[in-house]
**Q** 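Have a look at the structure that comes next, please.
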Protein chains: 2
Amino acid sequence: MNVQACNLDNCPEGENEGLREPIAVELFKALADPSRAAILSSLASAGRPLRVTEVGTCCPQDLSVVSRHLTILREAGVVESERRGREVWYRLETGGLVRYLRNLADAFESCCPAASSEEGNHGEK
Amino acid sequence: MNVQACNLDNCPEGENEGLREPIAVELFKALADPSRAAILSSLASAGRPLRVTEVGTCCPQDLSVVSRHLTILREAGVVESERRGREVWYRLETGGLVRYLRNLADAFESCCPAASSEEGNHGEK
DNA sequence: TGCACGCTTGCACATTCATGCAAGCATTGT
DNA sequence: ACAATGCTTGCATGAATGTGCAAGCGTGCA
């Protein structure tokens, strides 16, 4: 397992030839879905843990679908869950994500400084 | 089109309720494949533009598959291509990517400061 | 003990997507 | 003009994935 499938907490370093930081394919898979993006936005806008039912108001899908998406996000290390009584509370856990995104940005920047300085008009709105 | 499908260069801001920076689903889709991750690593380790045939040595797939992956990466704004004679050279274009990753990291960090400081042991190897 | 509530899981289905092979297109060289 | 090289595109196929419905499981309450 190198680039093929790694997440925030099991991504080995040094297996990629050119990038200091391996590309966390499984993490990006978790982020690469509009429903899950909406769920993350919902959790972010709430600013507090939400029950599954509350998260479900963010998207038109069935609650079972939302539950599955939350499981995927939890396994990717982006949210955490805690059971309280018969409710399950989900909250963002972005510490590892933030660190990883910054490390990856640094890695891309330092691996090809010429390319990133040659053209500077990308990503602008 | 808000969170549903956006890339580095067409991702509107302000449509997400809680995150300053929208989640670029299409960009993450492009990064969420092991073959494309290997291609990016290959380009990064080369430190220079590569022809499609050269990129193809990074992965066992057919060259047509590699060509398609490069197209996806180009449409995601991560690489750029230039035709010279009968060869097509691909090179990393990470300026927008680096900016976006840092903006997203900042957005996640500032949207839920309590969550990201509460637990600090994620993402460590 | 029985019931309601909240969430998860099993199953089926439709769509998306990665892949390989073959054919096509663009360019260069003879 | 013709052939060779380099890359892309059309087509078919198998795998992965998102989704909904129904059933199941855990918990609290009467």
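What you see below is based on every heavy atom in this structure, not just the backbone, and it leaves out hydrogens, waters and symmetry mates. Letters A, B, ... mirror the listed sequences (proteins, then strands); counts begin at 1.
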**Q** Rounded to whole Å, please give me the gap between CG in B/L70 and P in D/dT9.
**A**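 Rounded to whole Å, this separation is 12 Å.
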**Q** Using atom names, set out every protein N or O paired with an N or O of nucleotides 19-29 of chain D below 3.5 Å, distance rounded to 0.1 Å.
**A**
{"from": "D/dT19", "atom 1": "OP1", "to": "A/S35", "atom 2": "OG", "distance (Å)": "3.2"}
{"from": "D/dT19", "atom 1": "OP1", "to": "A/Q61", "atom 2": "NE2", "distance (Å)": "2.7"}
{"from": "D/dT19", "atom 1": "OP2", "to": "A/S35", "atom 2": "OG", "distance (Å)": "3.4"}
{"from": "D/dT19", "atom 1": "OP2", "to": "A/H69", "atom 2": "NE2", "distance (Å)": "2.5"}
{"from": "D/dG20", "atom 1": "OP2", "to": "A/D62", "atom 2": "N", "distance (Å)": "2.7"}
{"from": "D/dG20", "atom 1": "O6", "to": "A/R68", "atom 2": "NH2", "distance (Å)": "2.7"}
{"from": "D/dC21", "atom 1": "N4", "to": "A/S64", "atom 2": "OG", "distance (Å)": "3.0"}

**Q** Please answer: with hydrophobic residues joined when any side-chain heavy atoms are less than 4.5 Å apart, are B/L40 and B/V65 in the same cluster?
**A**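 No, no single cluster joins them.
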**Q** Examine distances only and state if a side-chain atom of B/S41 and a backbone atom of B/A37 form a donor-acceptor pair shorter than 3.5 Å.
**A**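 The answer is yes, because a donor-acceptor pair under 3.5 Å joins these two groups.
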**Q** Take atom OH of A/Y90 and atom P of C/dG6, then tell me their distance rounded to the nearest Å.
**A**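 The distance from OH of A/Y90 to P of C/dG6 comes to 16 Å, rounded to the nearest Å.
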**Q** Round to a whole Å and report the spacing from CD1 of A/I72 to P of D/dT17.
**A**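 Rounded to whole Å, this separation is 8 Å.
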**Q** Starting at atom CD of A/E82, determine the distance to atom P of C/dG6, rounded to an integer number of angstrom.
**A**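 So the two atoms are 18 Å apart, to the nearest Å.
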**Q** Within this structure, what is the CD-to-P distance between B/E87 and D/dA4, rounded to whole angstrom?
**A**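 After rounding, the gap between these two atoms is 18 Å.
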**Q** Does D/dA16 have OP1 or OP2 under 4.0 Å away from a side-chain N or O of A/K29?
**A**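 So the side chain of A/K29 is outside the cut-off, no N or O lying under 4.0 Å from OP1 or OP2 of D/dA16.
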**Q** Set out, in order, the CA-CA distance, both residues' side-chain angles and the distance that settles side-chain contact (heavy atoms from CB on, under 4.5 Å) for B/R20 and B/D106, then state yes or no.
**A** CA-CA 9 Å; B/R20 271 203 332 256; B/D106 293 346; 3.3 Å; yes
**Q** What is the separation between atom CD on B/E75 and atom C1' on D/dT8, rounded to the nearest whole Å?
**A**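 The answer, rounded to whole Å, is 13 Å.
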**Q** In whole angstrom, what separates B/I39's CD1 from C/dA18's P?
**A**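 Going from CD1 in B/I39 over to P in C/dA18 covers 11 Å.
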**Q** Does any non-hydrogen side-chain atom of A/V25 lie less than 4.5 Å from one of A/K29?
**A**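 Heavy-atom side-chain distance check passes, below 4.5 Å.
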**Q** Donor-acceptor pair, A/Y100 side chain versus A/L27 backbone, under 3.5 Å?
**A**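 Absent.
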**Q** Would you say B/R99's side chain and B/L101's backbone share a donor-acceptor pair under 3.5 angstrom?
**A**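 Side chain of B/R99 to backbone of B/L101, a donor-acceptor pair under 3.5 Å: no, none is there.
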**Q** Can you tell me the distance, in whole Å, between the CZ atom of A/F28 and the P atom of D/dT17?
**A**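 A/F28 atom CZ is separated from D/dT17 atom P by 17 Å.
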